[in-house]
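Data first, discussion second: the structure below is written as C-alpha cells.
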Amino acid sequence: MRLFKCSVFSSLVYFAHVLLIVHSQEYQSDFINIDCGIPADSNYTDSYTGLHYVSDSGFIDAGESKTIPPAYRSSSLQQQLVTLRSFPQGTRNCYTLKPVQGRGNRYFIRAWFYYRNYDLKDRLPQFDLYLGVEKWDTIYFNQTTTRVQKEIIHVPTSDYIHVCLVNTGLGTPFISALDLRYFNRSMYTHDFGSLKLFTRVNFGESFGYYRYKDDIYDRYWRSSDYFNSSLLYNSENVTRYFGVYNLPAVVMETAIAPENTSNPLKLEWEPTNKSDQFLIYLHFAEVQKLQTNQSREFNIYLNGNLWYDETITPYDVITLTVESVAPEKPESKYEIVLQKTNTSTLPPIINALELYTVRKFRQPQTDDQDGKH
Ligand SMILES: *[C@@H]1O[C@H](CO)[C@@H](O)[C@H](O)[C@H]1NC(C)=O
Ligand SMILES: *[C@@H]1O[C@H](CO)[C@@H](O)[C@H](O)[C@H]1NC(C)=O
Ligand SMILES: *[C@@H]1O[C@H](CO)[C@@H](O)[C@H](O)[C@H]1NC(C)=O
Ligand SMILES: *[C@@H]1O[C@H](CO)[C@@H](O)[C@H](O)[C@H]1NC(C)=O
Ligand SMILES: *[C@@H]1O[C@H](CO)[C@@H](O)[C@H](O)[C@H]1NC(C)=O
Ligand SMILES: *[C@@H]1O[C@H](CO)[C@@H](O)[C@H](O)[C@H]1NC(C)=O
Ligand SMILES: *[C@@H]1O[C@H](CO)[C@@H](O)[C@H](O)[C@H]1NC(C)=O
Ligand SMILES: *[C@@H]1O[C@H](CO)[C@@H](O)[C@H](O)[C@H]1NC(C)=O
Ligand SMILES: *[C@@H]1O[C@H](CO)[C@@H](O)[C@H](O)[C@H]1NC(C)=O
C-alpha cells in the first residue's frame, strides 16, 4: 500500500491512498491522561478535549501536590496546568506507566511543565527529564509564564515506561501533566531510535492550536503564519483529508504560499544541538479550486540539494506526506526551499510540517517489573 522509495534521494513520499477506517471512540482507550497534583484518585473530563484525566496518585508515590497562585488561574488556562507535583525530596522520582498494549509498541509520550511561580519563590528551576535510565531532555524556563511541553515517540522494550524527573542541583523538579498515546499504526515507523519532537506546525493560522479531537492521536499542532508568506485557505469542501498520517482537516485546510508568488517558499531552522539528526515530514494538500488553465507544481530542496526526485502536485482531498528516509546529515542550519516549476502557474504551498530529532536509547529501559525508583 505504501510508497515510492528512491535510494538516491533522502526523502520518500507517501502516495495518497484512501484509508477508509472508521475512527470511533476506541482511541480514548489508547490514551493515558494524567493531571499531576489533583487530589488522589480523582478524575474529570477535560472541557476542551473531552479527554478523561485522572490523578497521578496511581502512578507515583512521591512528591507534593501544588497549585499555581489563584491570580493566574484564568478560565482560558488549560486545566491540567493548574496543579502540579513537585519533588523537593530525592534526586530521581519516576512515574510508572503501564500501557495495556505492552512492550514493543509505538507510543507517543508528552510531559507538560508550567511553573507560574507555584512555590512563590520566583526562581525558575532547571532539571532533567529521563525515560527510564536515559536522558530525554533538560527542562528549563525562560519566564515564569513559559509553558514547556516535551514529546517523544518511543518503542519501549519493557511493559513499563518510567518517566523520571531528576534534580541536577538547579531547582526543584516538578511536572504538570503527563500524556501517553498508543501509536501503533503505519506512522513514524522508523527504526533509527526514538523521535524527539522539535516542532509541529500548522501553517496558515496565526494563533491557537489543535489537538484532540481534531487530531485523533492528540498530536499538538501549533499555528504559524510563517514569515513573508501569504495565507491560502479553502472555504469550500474541505472536510476530509485522508493519508497515512491521519492529519486533522482543520490543519490541512490552511496553507501558506510565498508572498511574491514568483518566489520560492523558504523554511529555515537551526538545531538546538549541532549534532542533532533530523527527520523531516512535510504535509501537502491543495486548498484552492484550480481552473483548468491553472497548475501547481514544485520541487523540494534541502540545503540546496534536490530532496525528493519527483515534482510535487498537492491533491484535493488527500494528504501527501514527503518524509526523510533516514536521519538527515547534521548541519548548523537547515533550509527547505519549495521551488515552483517553470510551467507551474501557481506558487508552491505547504500545509503542515513536523520535525523530529533522533534519540538513541541503547539500553533496555529498566527491568521488567513494577519497581518504583
Ligand atoms: C472517577 O471518579 C469516580 C468517583 O470519584 C470513580 O467512581 C471512578 O471510578 C473514577 N473513574 C476513573 C476512570 O478513575
Ligand atoms: C528561550 O529564549 C531563547 C532566546 O530568547 C529562545 O531561543 C528559546 O526558544 C526560548 N525557549 C523557550 C522554551 O521559550
Ligand atoms: C504493533 O506493531 C507491531 C510492528 O508493526 C506488530 O508486530 C504488532 O502486532 C502491532 N500490535 C498491535 C496491537 O497492533
Ligand atoms: C522578507 O521580506 C523582507 C522585505 O519585505 C525581505 O527583506 C526579506 O529578505 C524577506 N525574507 C525572506 C526569508 O524571504
Ligand atoms: C461540495 O461537494 C459536493 C459533493 O462532492 C458537491 O456537490 C458540492 O458542489 C461541493 N461544494 C462546493 C462549494 O464545492
Ligand atoms: C517578485 O519577484 C520577482 C522575482 O524575484 C521580481 O521580479 C518582482 O519584481 C517581484 N514582485 C514584487 C511585487 O515584489
Ligand atoms: C549534543 O548532542 C550530543 C550527542 O547526542 C551530546 O553528546 C551533547 O552533549 C549534546 N550537547 C549539548 C550542548 O546538549
Ligand atoms: C485562466 O482562465 C481564466 C478564465 O477562465 C482567465 O481569466 C485567466 O486569465 C486564465 N489564466 C491564465 C494564467 O491563463
Ligand atoms: C526553468 O527556468 C530556469 C531559468 O529560466 C532555467 O535555468 C531552467 O533550466 C528551467 N528548467 C526547466 C526544467 O526547463
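Just so you know, residue 1 is the first one in the sequence shown, and it goes up from there. Whatever order the structure lists them in is the order used to number ligands and atoms, beginning at 1.
Remark: K98 is positioned above the aromatic ring of Y160, its terminal NZ or CZ atom under 6.0 angstrom from the ring centre and at most 45 degrees off the axis.
Of all atoms in ligand 6, numbered sequentially from 1 with element shown, those under 4.0 Å from a heavy atom of N263 are 2 (O), 4 (C), 5 (O).
When only non-hydrogen protein atoms are considered, atom 4 (C) of ligand 8 lies nearest to N293 ND2, 4.7 Å. Here the protein heavy atom with the shortest distance to atom 13 (C) of ligand 6 is N260 ND2, 4.4 Å.
Distance check for atom 7 (O) of ligand 8: every protein heavy atom is found at 4.0 Å or beyond. Protein heavy atoms are found inside the 4.0 Å sphere centred on atom 2 (O) of ligand 1.
Salt bridge E134/K360: absent, no basic N to carboxylate O contact under 4.0 Å. Remark: R110 engages D218 in a salt bridge, criterion side-chain N to carboxylate O under 4.0 Å.
Proximity annotation for atom 11 (N) of ligand 1: of N43, D41, T45, N33, N43 comes nearest, heavy atoms only.
Residues L97 and V54 fall within the same hydrophobic cluster, defined by Ile, Leu, Val, Met, Phe, Trp and Tyr side chains chained together at heavy-atom separations under 4.5 Å.
Under the side chain to side chain contact (heavy atoms under 4.5 Å, CB included) rule, I350 has a single partner from I300, V201, L267, which is L267.
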